[in-house]
Amino acid sequence: MNLYTHFGEQLTGVLEALREQGVLPLDADFSRITVEPPRDPSHGDIATNAAMVLAKMAKMPPRDLAKKITELLLQLDDVKKAEIAGPGFINISITALFWQKILIAAFDNEGLYGRSQLGQGQKINVEFVSANPTGPMHVGHVRGAVFGDALANLLDFTGFDVSREYYINDAGAQVDVLARSAYLRYLEALGEEIGDIPEGLYPGDYLKAVGADLAEKHGDEFKGQEESQWLETIRDFAIDAMMDQIRGDLKTLNITFDQFFSERSLKEGDVNMVAQSIEDLRDKGLIYEGTLPPPKGKLPDDWEDREQTLFRATDFGDDVDRALAKADGSHTYFASDIAYHRDKYMRGFTSMIDVLGADHSGYIKRMKAAVKALSDGEAELDVKICQLVKLLRGGKPVKMGKRLGTFITLREVVDEVGSDVVRFIMLYRKNDASLDFDFYKVQEQSKDNPVFYVQYAHARVHSVLYRKIPLEMPDLDIADIDPLSEDLSLLVDSGEVALVKRLAQYPRIIEQAAKAHEPHRVAFYLYELAADLHMQWSRGTEKPELRFISDGNKKVTGARAVLLLAIAKTLASGLGILGVHPIEEMR
RNA sequence: GGUCCCGUAGCUCAGUUGGAUAGAGCACCAGAUUCCUAAUCUGGGGGUCACUGGUUCGAAUCCAGUCGGGAUCACCA
């Protein structure tokens, strides 16, 4: 139950009544009305700007209109107070009974609290990671992987039909380089002296195993052969091996995909989908042969003013038209990507999200343009950019160099700090802001570390419910706690009320995070919920009567147990969206 | 030079898609532990929301421009 949409509906009922009375015109527009928590809690529980927004249409001063609205609001069962404030805000306080209803909703055993039908089962495609299959995943891929996975969780939680996809770039020049690199390792496995790996090939040790496997499978079949004899076989073998490795790497972060989509499959099926996509756009008059103006400023050294096949991206908001064919006649990466997104569209996805690294921000406009064009405006693409992660160790930057082979792999990061820590930290920042990841700080067990802080809150609750209550109040069986039979009106302390109110925010936060495609909002919410819990806990040290286990008072303890269970469930629910385990005890 | 992102407390960042007196953590200062984990909590100081205009009942938020930082800039992926 979302408190604000609930009262939004109630308010709409009131406004419709006023429209019937002729106070509001028949065509009154309610769309700009908001129903929100006021920033200052002393203003009540819910604030609406309805009177200010509608004042002009009603041709009366905001405060006068507010008076008419509040009179009707006060007749509603769940409204305790409705007051006019400032220029015409209406502040609503709701009844204690209604807060109890919310607590009961939050207690829900099926994990339904916070779920919504926002997505209405709409299909949505989330493409993320899509790292080149030329080596193990390195630390640069981690953020996008975690972000995409959490976003997919969030959308699933809010009623979308989500597909997680990984686009395998297995058609470009880079996989040929991979094949040549693997071929060298293959020769090495056959006992040849290969010396240093030449510049331009992949030097990593991870290809040694691929070479050995090739040698075992093919013997010396390819030894001394022309490249054309072995390239394809070895390339396919190496790509499969790399994808296995990548899948394994992602598994350490509990990330799986619904679909791995091969770029090559677009070109090698019965019909060349890339060519067909271009023809499709050509039929729409969006393709032409022409020349591009050279980029302003410094001219590239090898600039060549030639005619090329261009997509009219400028018709859809891009800055220049974009090339679809290279000088040698083959398709550009962009052309393949158009075909891929067209494939998504034809599979029924009118809503797509691409999660990309910061270095691809220049790619956004053309891809959005392409999706609009190929779907005749029916499909929507949102591109989420994940900014760089700065790796630190005790405040000092971790030095990495691909050439030196000192880049840090995803697996090394997860092995050192654990999946939960990696995931939470990566999500505790807005995706388009850069992020510091300090190996030492993220493992610190102190309140400076948000992962720990939230985990600790969950463990604390668990400790009271399942360790202390059985000891101190053995006749209260937590497993049998039923919010409907406990007297929730006993939760009157300000800290308890604050916790219930915080729980009430959860559905709204989830919905906003899902709409904005911003899972970090969930992480920040969990931090606040944890803070409220720790605060209430500490108040119990000063005032023993506020402790969750109320000495000898089974009724009060029972009511507080309902609150604690609701908190634990909400923490677990939110952490679940982030893909972080709610731990039950600290070690 | 074009485009995109960012600019909020000394530092790291939130800011409910336009609401009321702009928030949290760190750091700094002052406190709390015979107690369910003090692995925590309480209080305090600290701001020209980069700047200038505009839109309106109302702007950190939207628009235009300026300044500063980052990414990117035919054909690579």
Side-chain angles (χ1 to χ4, degrees), chain A residues 4 32 34 36-40 43 47-49 52-53 55-56 61-62 85-89 91 130-132 134 169 171-175 263 291-298 300 302-306 308 310 318-328 330 332-334 336-337 357-365 385 387-388 428-430 432-436 444-450 452-453 455-457 459-460 463-465 467-469 471-472 505 508-509 511-513 515-516 520-521 524-525 527-528 531 534-542 544 547-549 585-586:
Chain A
Y4 306 96
R32 288 185 55 226
T34 57
E36 298 175 327
R39 191 170 289 169
D40 184 344
H43 290 151
T48 177
N49 61 357
M52 287 183 289
V53 171
K56 262 188 189 169
F89 285 103
N91 293 327
S130 299
N132 289 332
T134 54
N169 300 133
Q174 289 181 359
V175 287
E263 178 184 0
T291 56
L292 284 178
K296 297 201 172 133
K298 202 171 55 179
D302 54 349
W303 176 262
E304 172 188 356
D305 193 26
R306 67 179 181 85
Q308 34 191 353
L310 298 169
D318 200 357
D319 311 307
V320 285
D321 292 337
R322 301 291 177 176
L324 298 177
K326 303 182 203 169
D328 67 359
S330 62
T332 61
Y333 178 82
F334 180 50
S336 297
D337 221 0
D359 52 341
H360 286 73
S361 57
Y363 199 64
I364 299 175
K365 279 190 181 180
I385 292 291
Q387 272 293 345
L388 299 174
Y428 194 65
R429 196 108 304 177
K430 205 160 44 178
D432 54 10
S434 65
L435 180 157
D436 290 349
E444 227 170 68
Q445 300 220 333
S446 76
K447 67 169 187 162
D448 304 356
N449 181 355
F452 168 79
Y453 190 77
Q455 293 277 35
Y456 183 35
R460 258 191 167 164
S463 156
V464 178
L465 290 173
R467 297 235 302 263
K468 296 299 173 183
I469 285 184
L471 286 175
E472 298 186 15
Q505 301 300 317
R508 173 182 164 85
I509 295 287
E511 207 160 285
Q512 286 175 333
K515 278 183 185 163
H520 76 274
R521 292 174 188 243
F524 279 94
Y525 170 80
Y527 184 87
E528 287 167 356
H534 289 311
M535 190 179 83
Q536 185 62 6
W537 177 289
S538 295
R539 294 180 74 219
T541 64
E542 268 178 47
R547 292 183 190 178
F548 292 113
I549 301 173
E585 64 182 326
M586 307 304 292

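Labels below follow one simple rule: chain letters A, B, ... track the order of the sequence lines, proteins then strands, and each chain is numbered from 1.
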Write down the distance separating the [atom1] atoms in [N] and [M], rounded off to the nearest Å.
| N | M | atom1 | value |
| --- | --- | --- | --- |
| B/A60 | B/A50 | C1' | 12 Å |
| B/A24 | B/G44 | P | 10 Å |
| B/C57 | B/C73 | P | 45 Å |

Does A/Arg460 make a side-chain donor-acceptor contact with the base of B/C36, cut-off 3.5 Å? no
Do A/Asn91 and B/A20 share a donor-acceptor pair, side chain to base, under 3.5 Å? yes
Rounded off to whole Å, could you give me the [atom1]-to-[atom2] distance for the [X] and [N] pair?
| X | N | atom1 | atom2 | answer |
| --- | --- | --- | --- | --- |
| A/Trp537 | B/A32 | CH2 | C1' | 17 Å |
| A/Ile549 | B/C35 | CD1 | C1' | 12 Å |
| A/Asp337 | B/A77 | CG | C1' | 10 Å |
| A/Tyr453 | B/C41 | OH | P | 4 Å |
| A/Arg539 | B/U33 | CZ | C1' | 18 Å |
| A/His534 | B/C41 | NE2 | C1' | 10 Å |

Using 30° and 60° as the class boundaries, would you call the ring planes of A/Tyr527 and A/Tyr428 parallel, tilted or perpendicular? tilted
Can you name the one residue among A/Glu36, A/Gln505, A/Arg508 that meets side chain to side chain donor-acceptor pair (under 3.5 Å) with A/Tyr4? A/Gln505
Would you indicate what A/Ser336 reaches in the nucleic acid, counting non-hydrogen atoms under 4.0 angstrom: base, sugar-phosphate, or nothing? nothing
Less than 5.5 Å between centroids and less than 30° between ring planes, does A/Trp303 satisfy that with B/A74? no
